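Single-structure report; data block below.
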There are 2 protein chains.
Amino acid sequence: MKRITKKLKDAGLKVTAARMKILELLESNRGTHASAEELYRMMLERGEDIGIATLYRVLTQCEQAGLVERLQFEGGRAVFEIAEESHHDHIVCVRCGQVQEFHDEVIEARQREVARDAGFEMEDHSMVLYGLCPGCRGD
Amino acid sequence: MKRITKKLKDAGLKVTAARMKILELLESNRGTHASAEELYRMMLERGEDIGIATLYRVLTQCEQAGLVERLQFEGGRAVFEIAEESHHDHIVCVRCGQVQEFHDEVIEARQREVARDAGFEMEDHSMVLYGLCPGCRGD
DNA sequence: CTAGTTGCAAATCATTTGCACTTGC
DNA sequence: GCAAGTGCAAATGATTTGCAACTAG
């Protein structure tokens, strides 16, 4: 059984063509951070006949099931990525929009501490750094 | 001259009634983190006649001038707060929506390091922790 | 068979914009 | 006086929803 099929079953979601196609697309685009609109165009280019409504529905369901992560960078629209085993955060170039991933245990640990000190039990966090990427710093 | 008047002048913005009212409202609601829609309702309750379009325009201009900060928590709409001298980040309760502010130099310093290691010159960041607040943990 | 899924078009929500009118300097 | 600011209504862009047709289990 394909890995994606298993992921869907484990999440309690029916294994449908649309869901398979969408997860395959996300898997083959790791690191891309595409918006719904961009994913939709990619599907069309691949010749797949998936409605944008279905795309949004599947992304939302998969997000709730933990198969997909939704990221909200500055500037309105959300971008999506396939969920990885390991958590990471993002650095976005304010000039060209390039996105890099990073993971830092010092920050992660400190976040849990800060939350605990405030009396919160931390469940999640979002952290995005903005700056000029190496390529854009020279311009 | 009123403090707010000075802020506007220093920012190179004309001192208009709408701008004064909006900044006054934000100042008298420090820590509230209200959305544009909520601010609009508050203005109406105060009997002020400010259009929602103006509200958005003023918020955007003041954000660009550094007088106001726009925060994007999960769930679509942005919330606004008057800019403070000192930077801070936020912890949001996933149950009741309560927002607390915090500042942690360990994290801030580490963020700059992480960005530098990736070759970026960090200009800004957004960090929001999500969890259950003390009040909601008992439920 | 039938509850869950999908595609389409229409709806919704937050935010932005065009335009004629008003106001700060 | 005039460029900048404002209110209103209409436009926009991203995302969601109603509904009738379709499909996985």
Side-chain angles (χ1 to χ4, degrees), chain A residues 1-2 4-23 25 33-44 46-65 67-80 97, chain B residues 1-2 4-23 25 33-44 46-65 67-80 97:
Chain A
M1 188 198 309
K2 281 172 94 167
I4 298 186
T5 304
K6 179 159 166 37
K7 278 192 184 184
L8 284 169
K9 291 207 159 157
D10 289 352
L13 294 169
K14 267 191 187 171
V15 180
T16 66
R19 286 179 182 155
M20 293 292 285
K21 299 283 172 46
I22 291 167
L23 288 179
L25 179 61
H33 306 95
S35 66
E37 211 55 60
E38 286 165 343
L39 291 170
Y40 181 59
R41 275 202 299 282
M42 287 187 227
M43 295 268 36
L44 293 184
R46 286 184 172 205
E48 307 296 352
D49 184 20
I50 307 260
I52 188 99
T54 299
L55 178 54
Y56 273 109
R57 273 184 293 233
V58 169
L59 288 169
T60 301
Q61 292 160 340
C62 289
E63 184 197 7
Q64 285 161 354
L67 304 182
V68 164
E69 289 188 29
R70 178 191 306 252
L71 307 169
Q72 196 76 44
F73 296 154
E74 286 181 353
R77 65 200 188 300
V79 300
F80 300 85
Chain B
M1 189 198 308
K2 281 173 95 168
I4 298 186
T5 304
K6 178 161 167 34
K7 278 194 185 183
L8 284 169
K9 291 207 160 160
D10 289 352
L13 294 169
K14 265 192 190 172
V15 180
T16 67
R19 287 178 181 155
M20 292 293 284
K21 300 284 171 46
I22 292 168
L23 288 179
L25 179 62
H33 305 96
S35 67
E37 210 57 61
E38 287 164 342
L39 290 170
Y40 181 58
R41 276 202 298 282
M42 287 187 226
M43 294 269 35
L44 293 184
R46 287 185 171 205
E48 306 297 353
D49 184 20
I50 307 259
I52 187 96
T54 299
L55 178 52
Y56 273 109
R57 273 185 292 233
V58 169
L59 288 170
T60 300
Q61 293 160 338
C62 289
E63 184 198 6
Q64 286 163 352
L67 303 182
V68 164
E69 287 188 30
R70 178 191 306 250
L71 307 169
Q72 196 76 45
F73 297 154
E74 286 181 354
R77 66 200 187 300
V79 299
F80 300 85

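Since we're looking at a predicted model, the values are computed, not measured. Just so we're on the same page: letters track the sequence lines, and every chain starts at 1.
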Exercise. Bend across the helix from dC1(C)-dG25(D) to dC25(C)-dG1(D), to 10°, with axes taken over 5 pairs at each end?
Worked result: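 One end axis against the other gives 40°.
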Exercise. Taking only residues two or more places apart in sequence or in another chain, which ones pass salt bridge (Lys or Arg N to Asp or Glu O under 4.0 Å) with Lys2(B)?
Worked result: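 Scan of Lys2(B) (salt bridge (Lys or Arg N to Asp or Glu O under 4.0 Å), adjacent residues dropped) gives Glu24(B).
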Got a second to check how far [X]'s [atom1] is from [Y]'s [atom2], nearest 0.5 Å?
{"X": "Glu63(A)", "Y": "Phe80(A)", "atom1": "CD", "atom2": "CZ", "result": "7.0 Å"}
{"X": "Arg77(A)", "Y": "Glu37(A)", "atom1": "CZ", "atom2": "CD", "result": "8.5 Å"}
{"X": "Lys9(B)", "Y": "Ile4(B)", "atom1": "NZ", "atom2": "CD1", "result": "14.0 Å"}
{"X": "Ile50(A)", "Y": "Met42(A)", "atom1": "CD1", "atom2": "CE", "result": "14.0 Å"}
{"X": "Leu44(A)", "Y": "Asp49(A)", "atom1": "CG", "atom2": "CG", "result": "8.0 Å"}

Exercise. More 5' along DNA chain C: Ile52(B) or Leu13(A), using each one's nearest nucleotide?
Worked result: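 On the 5' side of the pair lies Leu13(A).
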Exercise. Using a heavy-atom cut-off of 4.0 Å to chain B, what are the terminal contacting nucleotides of DNA chain C, in 5' to 3' order?
Worked result: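 Footprint of chain B along DNA chain C, 5' to 3': dA14(C) to dC25(C).
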For this session: Tell me whether the OP1 or OP2 atom of dT15(D) has a side-chain N or O from Tyr56(A) closer than 4.0 Å.
Result: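 Looking at the OP1 and OP2 atoms of dT15(D), one of them is under 4.0 Å from a side-chain N or O of Tyr56(A).
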Exercise. Which is true for Ala17(A) with a 4.0 Å heavy-atom rule: it touches a base, it touches only sugar-phosphate, or it touches nothing?
Worked result: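 Answer is nothing: Ala17(A) stays at 4.0 Å or more from every strand.
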Exercise. Ile50(A) near the nucleic acid: base, sugar-phosphate alone, or nothing, with a heavy-atom cut-off under 4.0 Å?
Worked result: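 Since only primed, P, OP1 and OP2 atoms lie under 4.0 Å of Ile50(A), the category is sugar-phosphate.
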Filtered N/O pairs between nucleotides 2-4 of chain D and protein, under 3.5 Å:
unit_1: dA4(D); atom_1: O4'; unit_2: Lys14(B); atom_2: NZ; d: 3.2

Show each protein N/O and nucleotides 18-21 of chain D N/O combination with a separation under 3.5 Å, one pair to a line.
unit_1: dG18(D); atom_1: O6; unit_2: Arg57(A); atom_2: NH1; d: 3.3

Which atom pairs, one a donor and one an acceptor, fall under 3.5 Å between side chains of residues 53-60 of chain A and the rest of the protein, sequence neighbours left out?
unit_1: Thr60(A); atom_1: OG1; unit_2: Tyr56(A); atom_2: O; d: 2.9
unit_1: Thr60(A); atom_1: OG1; unit_2: Arg70(A); atom_2: NH2; d: 3.1

